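These figures come from a predicted structure and were not determined experimentally.
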Amino acid sequence: VQLQASGGGSVQAGGSLRLSCVVSGTSSNPRVMGWYRQAPGKQRELVAVNSSAGNIDYAASVAGRFTISRDNAKNMVYLQMNSLKPDDTGVYYCNFDGKHIGSYYYPGDYWGQGTLVTVSS
């Protein structure tokens, strides 16, 4: 399984970006597709997840500004990011086939290479 993320870039605060991730090497419908990010000097954190059961969840810091969507037919997952803030700066990773257990999400074993998002004030 391989994931290829794209769409990162440099924007000013208030701007928008749309990240895309294509999955290859599998025809399975993953349980959970997700986006995670890692800011400089910080641990990787969950940003948004979309499960095959129809559950969609966001980190509190991005709720209302970001939208995750997936196209199973194309093996794609997207992250629309609006009203970007400098705190959104980081490397964004897509993740394949995570798990949703209770109120927690656990990432799957497969990660994209990451795409850098830089938001300036």
Side-chain angles (χ1 to χ4, degrees):
V1 178
Q2 293 185 328
L3 291 80
Q4 181 73 38
S6 61
S10 296
V11 297
Q12 290 190 329
S16 297
L17 286 172
R18 187 186 191 220
L19 306 184
S20 300
C21 178
V22 59
V23 181
S24 61
T26 180
S27 59
S28 65
N29 184 18
R31 291 165 291 187
V32 178
M33 291 292 296
W35 287 95
Y36 292 72
R37 69 186 179 190
Q38 187 165 17
K42 295 186 178 181
Q43 291 187 333
R44 192 174 298 187
E45 63 176 354
L46 183 150
V47 175
V49 289
N50 185 322
S51 79
S52 58
N55 298 307
I56 296 177
D57 281 299
Y58 300 93
S61 59
V62 308
R65 300 186 296 120
F66 290 12
T67 302
I68 186 172
S69 60
R70 60 192 278 180
D71 185 334
N72 291 328
K74 296 181 179 180
N75 281 349
M76 298 282 296
V77 62
Y78 307 95
L79 186 68
Q80 178 66 43
M81 305 186 295
N82 299 327
S83 302
L84 283 161
K85 304 176 180 180
D87 285 347
D88 296 320
T89 294
V91 179
Y92 283 70
Y93 300 90
C94 54
N95 181 262
F96 177 82
D97 202 25
K99 297 179 182 178
H100 183 197
I101 302 175
S103 57
Y104 295 96
Y105 290 92
Y106 300 91
D109 294 333
Y110 301 100
W111 297 89
Q113 84 287 3
T115 184
L116 177 63
V117 172
T118 304
V119 185
S120 58
S121 57

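Between Trp35 and Ser20 the shortest heavy-atom distance is CH2-O, 3.7 Å. Ser16 and Ser83 get closest at one heavy-atom pair: OG-N, 4.3 Å. Scanning all heavy atoms of the two residues, the minimum distance from Pro30 to Ser52 falls at O-CB, 3.5 Å. Contact record, Leu3 with Gln113: O-OE1, 3.7 Å, taken as the closest heavy-atom pair. Between Leu17 and Leu84 the shortest heavy-atom distance is N-CD1, 3.9 Å.
Considering only heavy atoms from C-beta on, Val117 comes within 4.5 Å of Leu19 through its side chain. Residues Cys21 and Tyr78 form no side-chain contact, since every pair of their non-hydrogen atoms from C-beta on lies 4.5 Å or further apart. In this structure, the side chains of Thr26 and Tyr110 stay at 4.5 Å or more apart for every pair of heavy atoms. At least one side-chain heavy atom of Thr118 sits less than 4.5 Å from a side-chain heavy atom of Leu116. A 4.5 Å side-chain heavy-atom check between Asp97 and Val32 finds every atom pair outside the cut-off. The shortest distance between side-chain heavy atoms of Thr115 and Ser6 does not fall below 4.5 Å.
Tracing side-chain contacts under 4.5 Å through hydrophobic residues (I, L, V, M, F, W, Y), one reaches Val77 starting from Met81; they form part of the same cluster. Cluster membership check: Val62 shares its hydrophobic cluster with Leu79, using side-chain heavy-atom separations under 4.5 Å among Ile, Leu, Val, Met, Phe, Trp and Tyr. There is a path of hydrophobic side-chain contacts, each under 4.5 Å, that joins Trp111 to Leu46.
Between Phe66 and Tyr92, the ring planes lie tilted relative to each other; the angle falls in the 30° to 60° range.
Annotation: salt bridge (Lys or Arg N to Asp or Glu O under 4.0 Å) contacts involving residues 5-14, sequence neighbours excluded, are absent. Identified under the salt bridge (Lys or Arg N to Asp or Glu O under 4.0 Å) test for residues 61-79, with sequence neighbours left out: Arg65-Asp88.
Applying the 6.0 Å contact sphere to CD of Gln12 captures no more than 12 heavy atoms from other residues, nucleotides or ligands.
For the 3.5 Å distance criterion, the side chains of Tyr105 and Asp57 qualify, holding a donor opposite an acceptor.
No donor-acceptor pair under 3.5 Å is formed between the side chain of Asn75 and the backbone N or O of Ser24. Judged purely by atom type and a 3.5 angstrom limit, Thr67 has no side-chain atom pairing as donor or acceptor with the backbone of Gln80.
A cation-pi geometry, defined here as NZ or CZ lying under 6.0 Å from the six-membered ring centre and within 45° of its normal, does not hold between Arg37 and Tyr93.
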Practice task
Carefully, step by step, assess Ile68 and Ile56 under the rule side-chain contact (heavy atoms from CB on, under 4.5 Å).
Solution key: CA-CA 8 Å; Ile68 186 172; Ile56 296 177; 3.6 Å; yes
Exercise for the section: Determine, step by step, whether Val23 and Met33 satisfy the side-chain contact (heavy atoms from CB on, under 4.5 Å) criterion, reporting the C-alpha distance in whole Å, the side-chain angles of both residues, the deciding distance to 0.1 Å, and the verdict. Expected result: CA-CA 10 Å; Val23 181; Met33 291 292 296; 3.8 Å; yes
Exercise for the section: For Arg31 and His100, run side-chain contact (heavy atoms from CB on, under 4.5 Å): C-alpha distance rounded to whole Å, both residues' side-chain angles, the deciding distance at 0.1 Å, then the answer. Expected result: CA-CA 8 Å; Arg31 291 165 291 187; His100 183 197; over 6 Å; no
Handout entry: side-chain contact (heavy atoms from CB on, under 4.5 Å) between Val47 and Tyr58, worked out
Key = CA-CA 6 Å; Val47 175; Tyr58 300 93; 5.9 Å; no
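Not counting sequence neighbours, the partners of Val22 by the side chain to side chain contact (heavy atoms under 4.5 Å, CB included) test are Gln4, Met76.
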